[in-house]
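Remarks on the structure that follows.
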Amino acid sequence: MRVLVTGGTGYIGSTAVEILSKKGFEISILDDCSTGHADSVPTGVRFIQGSLLNKSDIATALHDVDAVMHFAGKSLVGESVEKPDLYHLVNVNGTRNLLDEMKNATVTKIVFSSSAATYGEPDVIPIPESASTNPTNPYGATKLAIDTMISRESQEQGISAASLRYFNVAGALKSDRGWLAERHNPETHLIPNVLRSTHANPVKIFGNDWPTADGTCIRDYVHVIDLIDAHIKALDSLTVGVHEIYNLGSGDGYSVRQVVAAAALAIGYEIPTIDSPRRAGDPAILIADINKAKVHLGWTPTRGINEMVADTLASFA
Ligand code: UDP
């Protein structure tokens with residue numbers, strides 16, 4: 001089976017490429033390398049350096065493909081607030097082009113990287129897939145628009161689809177080509193920032209007055225290897241004309257200070273931090289209800305926060 005991995009040179013996409021290849025899938029990658037890294041592409045993988053905004057690049061990438069894992073897209077909440085039109089163009093229009101070209105190429109299976117940002121401020125914790133969707137930023141709005149588009153596509157065109165709503169993805173995977181890890185510039189994510197904290201440049205803790213036990217935000221972290229495992233299970237379980245939505249997290253929450261403590265344990269010394277104002281758009285608590293993925297996909301995440309921190313730290317070496 002040949003899988004097209006869009007965004008296959010990014011953090012999560014390159015991890016998918018590695019795991020799918022090891023499992024014997026044939027891989028094609030479509031990535032413009034705007035945020036990814038071409039050096040992550042393994043030998044033997046078909047690599048089209050091209051854009052979702054260019055239909056002929058997509059058509060080339062879809063050659064001989066049986067299914068698509070669609071990771072490509074803009075993914076920073078803060079940037080999306082500054083550049084909402086760019087997020088709409090790349091994420092929504094790019095996916096529209098992909099679905100159109102899939103139809104032309106009679107490719108009918110897609111697993112899409114959606115996000116917990118589709119829910120916005122939650123009414124209920126843990127958050128089930130049936131929760132209301134009120135995204136609080138343009139990034140979440142684009143992911144919701146795509147989920148809606150895929151639902152329609154599956155009803156009208158009969159495609160088989162799954163949207164996987166990620167909570168906080170962390171950790172890294174060691175490959176023959178070195179660690180596949182977060183290489184964002186600038187890095188905005190908590191775990192890499194905590195591990196790079198120094199006395200001269202301490203990690204900022206965004207808010208210490210949230211309505212949580214220690215006053216810092218609580219998030220649900222899932223290891224990138226567990227996350228890709230869920231993608232493969234979702235691909236295996238696709239049903240013709242059905243679009244399923246699954247939350248992917250661990251089902252547990254960790255506060256920012258608990259993550260700092262886990263990182264201190266891994267690194268072996270106290271991590272310097274500085275209390276800072278709240279970050280715009282942050283909800284206090286996000287925890288996934290992952291029962292649907294457990295029951296329907298037979299998926300259980302097995303790697304905890306300590307392993308996510310340790311793998312991220314090892315990837316820096
Ligand atoms: N955070 C923080 N300092 C940082 C980066 C993040 O205090 O340098 C907090 C952030 O406010 C949130 C949590 O850590 O509560 C996770 O943030 P991250 O950017 O990693 O993921 P997000 O939840 O935004 O997807």
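Whatever order the structure lists them in is the order used to number ligands and atoms, beginning at 1.
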Query raised in the report: Charged N to carboxylate O under 4.0 angstrom, Asp229 versus Lys23?
Result: no

Report task. Run the numbers for me: atoms of ligand 1, each under 4.0 Å from some heavy atom of His189, listed by number. Result -> 18 (P), 19 (O), 20 (O), 21 (O)

Report task. Using a strict cut-off of less than 4.0 Å between a Lys/Arg side-chain nitrogen and an Asp/Glu carboxylate oxygen, indicate whether Asp311 and Arg303 qualify as a salt bridge. Result -> no

Report summary line: Tightest non-hydrogen contact, residues Pro283 and Arg219, listed as O-NH2, 2.8 Å

Report task. May I ask you to identify, for Arg278, whether its side chain, its backbone, both or neither come under 4.0 Å of ligand 1 on a heavy-atom basis? Result -> neither

**Report entry** Geometric N/O contact Asn193 with ligand 1, under 3.5 angstrom
**Finding:** yes

Report summary line: Counting heavy atoms under 4.0 Å, the part of Thr188 that contacts ligand 1 is backbone

Requested in this report: Identify the protein heavy atom lying closest to atom 3 (N) of ligand 1, giving its residue, its atom name and the separation to 0.1 Å.
Outcome: Lys204 O, 2.7 Å

**Report entry** Polar atom proximity, Phe206 to ligand 1 (N or O, under 3.5 Å)
**Finding:** yes

Query raised in the report: Between Asn247 (side chain) and Ile290 (backbone), is there a donor-acceptor pair under 3.5 Å?
Result: no

Query raised in the report: Just wondering, do Asp209 and Arg278 contact through their side chains at under 4.5 Å, heavy atoms?
Result: yes

**Report entry** Crowding at NZ, Lys103 (>12 non-hydrogen neighbours, <6.0 Å)
**Finding:** no

Report summary line: So for Trp210 against ligand 1, with non-hydrogen atoms under 4.0 Å, the contacting part is neither

Requested in this report: Drop me the distance from Ile27's CD1 to Phe25's CZ, to the nearest 0.5 angstrom.
Outcome: 7.5 Å

Query raised in the report: For atom 16 (C) of ligand 1, which protein heavy atom lies nearest, and how many Å away is it?
Result: Tyr221 OH, 3.6 Å

Report task. For the pair Glu18 and Lys174, find out whether any cationic side-chain nitrogen is under 4.0 Å from an anionic carboxylate oxygen. Result -> no

Requested in this report: Among all protein heavy atoms, pick out the one at the shortest distance from atom 15 (O) of ligand 1; state its residue, atom name and that distance to 0.1 Å.
Outcome: Cys217 CB, 3.0 Å

Query raised in the report: How far is atom 24 (O) of ligand 1 from its nearest protein heavy atom, and which residue and atom is that?
Result: Arg279 NH2, 2.6 Å

Query raised in the report: Can an N or O of Arg219 be found at a distance shorter than 3.5 Å from an N or O of ligand 1?
Result: yes

Report summary line: closest protein heavy atom to atom 9 (C) of ligand 1 is Val256 CG2, 3.8 Å

Report summary line: Closest to atom 11 (O) of ligand 1 among protein heavy atoms sits Asp282 OD2, 2.5 Å

**Report entry** ligand 1 atoms in contact with Ile205 (distance to a heavy atom under 4.0 Å)
**Finding:** 7 (O)

Query raised in the report: Below 3.5 angstrom, do we get any N/O pair linking Leu190 and ligand 1?
Result: yes

Query raised in the report: In the protein, what heavy atom is nearest to atom 25 (O) of ligand 1, and what distance, to one decimal place, separates them?
Result: Asn168 ND2, 3.5 Å

Query raised in the report: With distance as the sole criterion, is a donor-acceptor pair present between the side chains of Glu79 and Tyr87 under 3.5 Å?
Result: yes

**Report entry** NZ (Lys292) with more than 12 external heavy atoms under 6.0 Å
**Finding:** yes

